[in-house]
Trainee: 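Take this structure, written in structure tokens, and hold onto it; I'll ask about it next.
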Amino acid sequence: MNGGGSEEAAEAVPAAPVPLDWKFAQVFGERTAGEEVQEVDIISAIEFDRTGDHLATGDRGGRVVLFERTDKRDHGGSRRDLERMDFPIIRHPEFRYKTEFQSHEPEFDYLKSLEIEEKINKIRWCQAANGALFLLSTNDKTIKFWKVHEKKVKKICDMNVEPAKAAGNGPVVGPSIPTSSKPYTANGGCLDKPLGLSNDFSFPLGGVPSLHLPVLTSSEISLVPRCRRIYAHAHDYHINSISNNSDGETFISADDLRINLWNLEISNQSFNIVDVKPANMEDLTEVITSAAFHPTHCNILAYSSSRGSIRLADMRQSALCDSHSKLFEEQVVPGSRSFFTEIIASISDIKFAKDGRYILSRDYMTLKLWDINMDSGPVSTFQVHENLRPKLCDLYENDSIFDKFECCLSGDGLRVATGSYSNLFRVFGCSEGSTEATTLEASKNPMRKQLQTPSRPSRSLGTLSQGFRRGADTSGVDSNGNAFDFTMKLLHLAWHPTENSLACAASNSLYMYYA
């Protein structure tokens, strides 16, 4: 009896999901060996839309590039008919280039003598409507609302005369119609005989019944990007985040000290809902690093700080949300504080899970998963850069310690991912009992780093770039014994909202993987 009970208890415990086997899918803008990357081509933002059928990237040159999914086919018919048909099985999402446009241009603030670069900091998709795509893009100071729609190029055909025989909009010249030097109007009328028919005109052989109206046809379709609204002059400091509200009407923008609430339809007015600027700037102890709306509750937002804390604010409590409703932070172990403690604790990115129950945060060393119903501490902590702790002094010297890595969650909430150096990224399982911790490289062979043995470290460009930035050593060693290259950093990545597919930005290249 006891043995049977223990077996039943064992069966009741859900098994941990099997680690995913990641495979290379596509690459856009792949760099050839020895090719020098232009600064303006480096990708600085990446985002899937809500359906996962479109992907947008922004670069340091102020451009936004759109990709669309091509492996989804609308075959139509009933399910039974579709089952009888033999369609090829597409194993992973496939995307193709759709269009691109110049979102921002370099500007100069003459009042502050400040140059505003065109680099795209964030991109957020809005609700599509009438076949058109809508998205928000921002640089350091200005947010723009874009509409991308298809426009049919119209052409007149099936006219009564052949275009080769028509002289502009003037009289038709043909073998049966003699030419004349008489003046004509723009539509072909004769100035000498404004009324009635000219002697220079003759009906076709079929007479009046053979005349017909020209036909207006659409020969091709072009994509037209149009800036609908510009939201400017609302931030004194650099914008680090924008986030859409679930109500589909409003969004927030955040800089170091303030968070503003906007209506998509109103570009000349915003409401300041969070202000952490002290009366005396010498009393400033932390700044806002990231902000995001709750995915389903339009009144709740979260924002992180440079001291490693996350605050949950409820806009129903007051117009100014300086007093948070919940505070999430992890206490520093007594005696472990050092010069770098506050620097590495700064949160660079936060993301809500799809159901809004959890918040994922990324600081320099770790990924942390927080339950919004439990503010005593994170429910999971994933070590990303723990092996770099002995090199914090070197990382501070070459400014790498200030790199801002993004993070993302899978649509089912079972896994999280973030980037690292040497164009590596990490995928962790966050479900109960999961030990999944995969390291992959942004290349056509993502598992290459795992196949190498620590006894045979690979050669890296990091060994060639020693002395980069104030003479600091930019080489390191990862958990597999491979040399780190701190000049090749994978800062931006996004997880497909419904499938196990990742898009990663490595310099000017966009890599896509599936599992």
Side-chain angles (χ1 to χ4, degrees), residues 14 16-17 19-20 22 45-56 69 72 92-93 95 122-128 134-136 241-252 290-304 310 312-314 326 328 347-362 367-375 378-382 405-419 425-434 436 438 492-504 512-515:
L20 297 177
W22 291 95
I46 182 170
E47 184 81 4
F48 280 104
D49 72 346
R50 186 178 302 176
T51 63
D53 292 339
H54 293 90
L55 175 69
R69 189 167 179 175
K72 281 191 173 182
H92 60 85
F95 285 81
K122 295 289 179 183
I123 296 174
R124 291 293 180 264
W125 289 91
C126 301
Q127 185 68 40
F134 296 88
L135 52 88
L136 291 165
S241 301
I242 52 175
S243 179
N244 304 80
N245 198 344
S246 59
D247 62 8
E249 297 179 355
T250 57
F251 70 94
I252 55 172
S290 184
F293 260 123
H294 191 281
T296 56
H297 298 304
C298 62
N299 55 289
I300 296 177
L301 63 98
Y303 60 97
S304 60
I310 302 174
L312 208 64
D314 191 340
K326 281 190 177 181
F328 305 93
I347 295 176
S348 56
D349 189 27
I350 60 171
K351 292 285 193 331
F352 272 101
K354 193 173 183 179
D355 60 0
R357 172 72 183 272
Y358 297 96
I359 298 175
L360 181 67
S361 67
R362 173 70 154 99
L367 271 175
K368 291 186 176 72
L369 190 66
W370 306 81
D371 187 335
I372 64 172
N373 296 328
M374 188 180 76
D375 53 7
V379 294
S380 299
T381 300
F382 309 97
F405 293 92
E406 293 181 1
C407 59
C408 59
L409 297 96
S410 61
D412 55 15
L414 298 179
R415 293 172 179 86
V416 296
T418 190
F425 60 99
R426 308 288 306 275
V427 179
F428 300 95
C430 56
S431 58
E432 186 177 356
S434 176
E436 182 176 357
T438 308
H492 313 285
L493 76 172
W495 202 302
H496 192 280
T498 59
E499 302 176 14
N500 286 323
S501 176
L502 275 168
C504 308
M512 305 195 72
Y513 304 93
Y514 70 99

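Only a predicted model underlies this, so the values are computations on that prediction, with no experimental measurement involved.
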Trainee: Donor-acceptor pair, His492 side chain versus Ile46 backbone, under 3.5 Å?
Mentor: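 No: the side chain of His492 does not pair with the backbone of Ile46.
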
Trainee: First locate atom CD1 of Ile347, then atom OH of Tyr303, and finally report the distance between them rounded to the nearest 0.5 Å.
Mentor: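 Those atoms lie 12.5 Å apart.
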
Trainee: Measure across Ser434 and Gly429 and return the closest heavy-atom pair with its distance rounded to 0.1 Å.
Mentor: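 So the two residues come closest at OG-CA, 3.4 Å.
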
Trainee: Has the side chain of Ser410 got a donor or acceptor atom that lies under 3.5 Å from a matching backbone atom of Arg415?
Mentor: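 Pair found, side chain donor or acceptor close to backbone of Arg415.
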
Trainee: Quick one: does Lys326's side chain have a donor or acceptor within less than 3.5 Å of a partner on Ile372's backbone?
Mentor: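 Confirmed, Lys326 side chain pairs with Ile372 backbone.
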
Trainee: Tell me whether Asp349 contacts the main-chain N or O of Cys407 through its side chain, where contact means a donor paired with an acceptor under 3.5 Å.
Mentor: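 Yes.
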
Trainee: Output yes when a side-chain donor or acceptor of Trp370 lies under 3.5 Å from a complementary backbone atom of Ser361, and no otherwise.
Mentor: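 No.
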
Trainee: Rounded to the nearest 0.5 Å, how far apart are CZ of Arg426 and CD of Glu436?
Mentor: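 That separation rounds to 11.0 Å.
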
Trainee: Return the CZ to OG distance between Phe95 and Ser501, rounded to the nearest 0.5 Å.
Mentor: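 Here the rounded value is 6.5 Å.
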
Trainee: Between the side chain of Arg362 and the main-chain N/O of Gly419, is any donor-acceptor distance below 3.5 Å?
Mentor: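 Here the side-chain-to-backbone pair exists.
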
Trainee: Determine the interplanar angle of the Trp22 and Trp495 rings, folded into 0 to 90°, and report it as parallel if under 30°, tilted if 30 to 60°, perpendicular if over 60°.
Mentor: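 Plane angle over 60°, so perpendicular.
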
Trainee: Do Phe382 and Thr418 touch side chain to side chain, with heavy atoms closer than 4.5 Å?
Mentor: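 The answer is no, as the side chains (C-beta and beyond) never meet within the 4.5 Å cut-off.
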
Trainee: Does Glu47 reach the main-chain N or O of Trp125 with its side chain, forming a donor-acceptor pair under 3.5 Å?
Mentor: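 No: the side chain of Glu47 does not pair with the backbone of Trp125.
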
Trainee: Would you say Ser243 and Leu301 make side-chain contact, with heavy atoms under 4.5 Å?
Mentor: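 They are not in side-chain contact.
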
Trainee: Rounded at 0.5 Å granularity, tell me how far CG in Leu360 sits from SG in Cys430.
Mentor: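 So the gap between those two atoms works out to 8.0 Å.
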
Trainee: Taking Asp49 for its side chain and Asp53 for its backbone only, find out whether a donor-acceptor pair lies under 3.5 Å.
Mentor: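 At least one qualifying donor-acceptor pair exists.
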
Trainee: Which heavy atom in Ala292 sits nearest to a heavy atom in Phe352, and how many Å separate them?
Mentor: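 So the two residues come closest at O-CE1, 3.6 Å.
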
Trainee: List the atom of Ala353, the atom of Pro295, and the distance in Å for their closest heavy-atom pair.
Mentor: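 Closest pair (atom of Ala353, atom of Pro295, distance): O-CG, 3.4 Å.
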
Trainee: Are any of the side-chain heavy atoms of Cys408 and Leu502 separated by less than 4.5 Å?
Mentor: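 SC-SC contact between Cys408 and Leu502 confirmed.
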
Trainee: Search all heavy atoms of Ala128 against all heavy atoms of Phe134 and return the closest pair with its distance.
Mentor: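 Closest heavy-atom pair between Ala128 and Phe134: CA-CD1, 4.2 Å.
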
Trainee: Can a donor-acceptor pair be found, under 3.5 Å and without considering hydrogens, that links the side chain of Ser348 to the backbone of Phe405?
Mentor: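 Confirmed, Ser348 side chain pairs with Phe405 backbone.
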
Trainee: Is the closest side-chain heavy-atom distance between Ile310 and Ile350 below 4.5 Å?
Mentor: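 The answer is yes; the side chains approach within 4.5 Å.
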
Trainee: In the structure I gave you, are the side-chain heavy atoms of Val416 and Lys368 within less than 4.5 Å of one another anywhere?
Mentor: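 No; the side chains remain at least 4.5 Å from each other.
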
Trainee: Okay, side chain of His297, backbone of Ile300: is any donor-acceptor separation there less than 3.5 Å?
Mentor: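 No: the side chain of His297 does not pair with the backbone of Ile300.
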
Trainee: Side chains of Asn373 and Arg357: closer than 4.5 Å at any heavy-atom pair?
Mentor: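 Yes, side chains in contact.
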
Trainee: Side chain to side chain contact (heavy atoms under 4.5 Å, CB included), that's the test. Do Thr498 and Lys354 meet it? Break it down for me.
Mentor: CA-CA 10 Å; Thr498 59; Lys354 193 173 183 179; 4.3 Å; yes

Trainee: What closest approach, in Å, do Ser290 and Ser241 show between heavy atoms, and which atom pair accounts for it?
Mentor: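 So the minimum-distance heavy-atom pair works out to CA-OG, 3.2 Å.
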
Trainee: Decide yes or no for Glu406 and Lys122: does some side-chain heavy atom of the first lie under 4.5 Å from some side-chain heavy atom of the second?
Mentor: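 Yes, at least one pair of side-chain atoms sits under 4.5 Å.
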
Trainee: Verify side chain to side chain contact (heavy atoms under 4.5 Å, CB included) between Leu20 and Thr438, making sure each step is shown before the conclusion.
Mentor: CA-CA 9 Å; Leu20 297 177; Thr438 308; over 6 Å; no

Trainee: Roughly how far apart are Ile252 CD1 and Phe293 CZ, rounded to 0.5 Å?
Mentor: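 The CZ atom of Phe293 is 5.0 Å from CD1 of Ile252, to the nearest 0.5 Å.
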
Trainee: Side-chain contact test, heavy atoms from C-beta onward, threshold under 4.5 Å: evaluate it for Ile359 versus Leu312 and give yes or no.
Mentor: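 Yes. Closest side-chain heavy atoms under 4.5 Å.
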
Trainee: Let me confirm one number: the OG-CZ distance from Ser380 to Phe428, rounded to the nearest 0.5 Å.
Mentor: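 So the OG of Ser380 and the CZ of Phe428 are separated by 11.0 Å.
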
